[in-house]
Chemist: 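Below is one structure. I have some questions about it.
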Protein chains: 2
Amino acid sequence: MLTGREFCVTRIEKTNTSASLPQKCQHCTMRHAGLCATLTAPEMVQFNAMSHTKHFSAGQLIRLEGEPVSFYANVISGAAKTIKSTHDGRQQIVGLILPGDFIDRVFVEHAPCSVEAMSDMELCAYPRGRFEAIVKKDPDLEHRLLTLALDDLDQAEEWMLLLGRKTAREKVASFLLLLARRSHHFSCPHLVSERQAFAGPLTIHIPMTRNNMADYLGLTTETVCRQMTSLRKDGVIDLPDNHCFTCPDIERLEQEADR
Amino acid sequence: MLTGREFCVTRIEKTNTSASLPQKCQHCTMRHAGLCATLTAPEMVQFNAMSHTKHFSAGQLIRLEGEPVSFYANVISGAAKTIKSTHDGRQQIVGLILPGDFIDRVFVEHAPCSVEAMSDMELCAYPRGRFEAIVKKDPDLEHRLLTLALDDLDQAEEWMLLLGRKTAREKVASFLLLLARRSHHFSCPHLVSERQAFAGPLTIHIPMTRNNMADYLGLTTETVCRQMTSLRKDGVIDLPDNHCFTCPDIERLEQEADR
DNA sequence: CGCCTTATTGAAACCGTTCAACGATTGTGG
DNA sequence: CCACAATCGTTGAACGGTTTCAATAAGGCG
């Protein structure tokens with residue numbers, strides 16, 4: 001549930017050399033992200049042994065609030081959201097889950113929030129019991145989980161500033177910036193190579209609907225729309241299609257986002 | 001930095017018997033709260049040996065964002081806030097720190113947020129290096145820290161729902177409810193005993209200014225004021241003085257807060 | 001007592017929402 | 001393959017909750 005304040009590149013740690021890694025991991029696009037980035041080769045072998053790939057399609061529920069948790073997972077591709085709702089149905093996305101992120105809280109018997117896929121997703125899943133057993137025997141691994149949880153807290157606090165104090169325009173700009181900073185994990189599918197994505201103005205995929213953006217930013221769909229077109233008219237971004245944007249000048253976007 | 005969704009009573013775990021505890025801990029009002037509630041007697045001895053009491057007065061800075069962290073601490077009395085700000089000075093309180101809470105993130109070299117005392121405070125502080133050394137040698141303790149961090153995440157997400165989706169009235173009601181649920185840790189100072197606090201309508205101390213409430217709720221001082229008087233006029237609460245409120249019917253307040 | 005901070009109240013302005021209509025896109029069944 | 005429905009995105013106009021600005025009251029501390 002990391003939401004990525006820095007370009008993901010900064011998180012990549014080459015702790016695992018490709019020698020002696022499981023086949024599946026060697027070719028995994030997320031090998032250098034999130035939890036996996038911190039795994040030693042033996043740990044990776046252990047996790048791989050019990051991992052199985054899971055697929056979810058857009059709109060499918062991955063977890064239901066209050067239900068028992070049966071597995072944890074790393075996101076390989078796609079995007080999900082964790083939701084909290086008021087009694088009368090207003091809802092707020094409290095966590096964006098993107099490629100490289102981990103689902104979900106460890107050591108929590110029942111899911112604290114519902115998790116729903118916002119696009120088709122591929123997960124690398126681990127049975128809960130066996131995962132926890134490994135962690136319990138590996139204090140250093142647990143230390144890394146603690147670090148990840150504290151990172152999540154940072155992101156959550158950053159988002160509280162956004163929700164409580166930023167204007168609609170700043171909110172939308174901040175969100176686009178967040179996507180930009182994590183973009184190399186989910187560049188626009190129709191781009192052939194990453195190099196293409198970084199040549200000229202960045203083209204960044206928006207893996208969700210305007211409605212989901214609104215629920216993440218504490219706004220309405222209409223306001224998100226208006227701010228998007230406003231940013232476009234002011235030349236901050238361009239919108240080639242509904243699920244992409246390009247940004248000719250990231251610094252300009254950063255100014256608009258106030259971060 | 002727990003913000004307490006449940007009555008604190010629920011968190012009290014009697015893992016430590018009073019036999020063989022350090023004098024200081026035996027008489028500490030926060031012995032059964034937060035981190036200390038989870039400590040074994042030997043652990044408590046260890047922590048006590050390096051603890052020293054620290055006092056801060058209202059308005060004093062406990063941590064400055066980005067500065068190196070030199071100590072961790074449990075809050076014995078008083079209240080503090082952690083703040084995030086936009087470039088142009090709008091600020092958002094992202095964490096309330098009340099008696100029983102822990103300051104701050106463990107294992108973070110530099111403070112991620114500034115922390116400022118909102119009232120006079122008494123802390124039970126531990127030098128950073130020695131604290132971390134103990135934790136590193138005690139995986140089970142680290143596990144408990146992880147659990148506390150995940151609790152904090154829960155609270156943060158609850159607050160994101162409030163900031164993003166609740167009305168001003170619901171925000172204020174939610175905040176008062178939060179105080180009520182943690183009130184037995186900081187009942188109104190002029191009340192002689194806890195029994196008195198729970199006899200008749202609850203009287204609950206508000207350990208901060210309206211301005212701080214506003215910064216926590218993503219509102220302005222004026223709006224907080226108006227909602228407080230509105231709740232008073234509607235008989236949900238009473239306001240004997242600026243830093244207290246009473247609530248004749250907690251369920252009514254819960255309805256107003258939508259939680 | 002007088003100064004300074006904090007709290008309260010009122011009136012006007014404004015930002016984002018609500019309501020409504022329409023266009024674009026996607027998917028489905030005839 | 002097209003017609004149709006359903007969902008999603010966009011734009012406009014009116015409304016309203018919260019903020020802003022301003023003035024006053026209350027509280028705390030020397």
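Order of the sequence lines fixes the chain letters, A, B, ..., with proteins taken first and strands second; residue numbering starts at 1 for each chain. Just the heavy atoms: all of them, side chains too, but no hydrogens, waters or symmetry mates, feed the values below.
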Chemist: Please determine whether any donor N or O and acceptor N or O are separated by less than 3.5 Å between the side chain of Arg226(A) and the base of dT18(C).
Modeler: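 Yes, a donor-acceptor pair under 3.5 Å.
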Chemist: Check whether any side-chain heavy atom of Glu254(A) sits under 4.5 Å from a side-chain heavy atom of Arg181(A), and report yes or no.
Modeler: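 Yes; the side chains approach each other to less than 4.5 Å.
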Chemist: Within the structure provided, determine whether Leu239(B) and Met228(B) are in side-chain contact (heavy-atom separation under 4.5 Å).
Modeler: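 Sidechains of Met228(B) and Leu239(B): in contact.
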Chemist: Taking CE from Met228(A) and P from dC8(D), how many angstroms apart are they, rounded to a whole number?
Modeler: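 So the CE-P distance, Met228(A) to dC8(D), works out to 16 Å.
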Chemist: Just the rounded figure in Å: distance from C1' of dG9(D) to CZ of Phe245(A).
Modeler: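 Going from Phe245(A) (CZ) to dG9(D) (C1'), I get 17 Å.
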Chemist: Can Asp88(A) and Arg90(A) be counted as an ion pair, charged N to O under 4.0 angstrom?
Modeler: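 Yes, Asp88(A) and Arg90(A) are salt-bridged.
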Chemist: If you assign each of Val224(A) and Asn211(B) to its closest nucleotide in DNA chain C, which residue comes earlier from the 5' end?
Modeler: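 Its nearest nucleotide being more 5', the pick is Asn211(B).
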Chemist: Give me the distances for all protein-to-nucleotides 14-18 of chain D N/O pairs that come in under 3.5 Å?
Modeler:
unit_1: dT18(D); atom_1: OP1; unit_2: Ala168(B); atom_2: N; d: 2.8

Chemist: Quickly work out the Asp241(B) CG to dA7(C) P distance and round it to whole Å.
Modeler: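 So the CG-P distance, Asp241(B) to dA7(C), works out to 11 Å.
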Chemist: From the options dG9(D), dC19(C), dT8(C), select the nucleotide whose nearest atom is closest to the side chain of Asn242(A).
Modeler: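 Given the options dG9(D), dC19(C), dT8(C), the side chain of Asn242(A) is closest to dG9(D).
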Chemist: Check the distance between dG16(C)'s P and Leu163(A)'s CG and give it to me in whole angstrom.
Modeler: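 Answer to the nearest Å: 13 Å.
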Chemist: Assess whether a salt bridge exists between Arg165(B) and Asp258(B), defined as any Lys/Arg side-chain N lying under 4.0 Å from an Asp/Glu carboxylate O.
Modeler: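 No, no charged N to carboxylate O under 4.0 Å.
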Chemist: Counting only side-chain heavy atoms from C-beta out, which of dA7(C), dC8(D), dA20(C) sits nearest to Cys225(B)?
Modeler: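 It is dA7(C).
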Chemist: Rounded to whole Å, how long is the line connecting atom CG of Asp215(A) with atom P of dT17(C)?
Modeler: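 Spelled out: CG on Asp215(A) to P on dT17(C) is 11 Å.
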Chemist: Would Glu256(B) and Lys171(B) count as a salt bridge (Lys or Arg N to Asp or Glu O under 4.0 Å) here? Give the steps.
Modeler: CA-CA 9 Å; Glu256(B) 295 285 354; Lys171(B) 284 180 175 181; over 6 Å; no
Chemist: Any heavy-atom pair between the side chains of Arg105(B) and Asp154(A) that's under 4.5 Å?
Modeler: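 The answer is yes; the side chains approach within 4.5 Å.
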Chemist: Taking Lys81(A) first and then Asp215(A), would you say they form a salt bridge - that is, a charged N and a carboxylate O separated by under 4.0 Å?
Modeler: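 No, this pair does not count.
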Chemist: What is the distance, to the nearest angstrom, from the CG atom on Leu239(B) to the P atom on dT6(C)?
Modeler: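 Atom-to-atom, Leu239(B) to dT6(C), this comes out as 19 Å.
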Chemist: Whole angstrom is fine here: how far is it from CE in Met213(B) over to P in dT6(C)?
Modeler: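 After rounding, the reported distance stands at 15 Å.
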Chemist: Can you check whether Thr229(A) has a side-chain N or O nearer than 4.0 Å to OP1 or OP2 of dT11(D)?
Modeler: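 Answer is yes, contact under 4.0 Å.
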Chemist: Among the candidates dA20(C), dT6(C), dG9(D), find the nucleotide nearest to the side-chain atoms of Glu222(A).
Modeler: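 From the listed options, dA20(C) comes nearest.
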Chemist: Calculate the interatomic distance between Ile206(A) atom CD1 and dC8(D) atom C1'; express it in whole Å.
Modeler: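 Those two atoms, CD1 and C1', are 14 Å apart.
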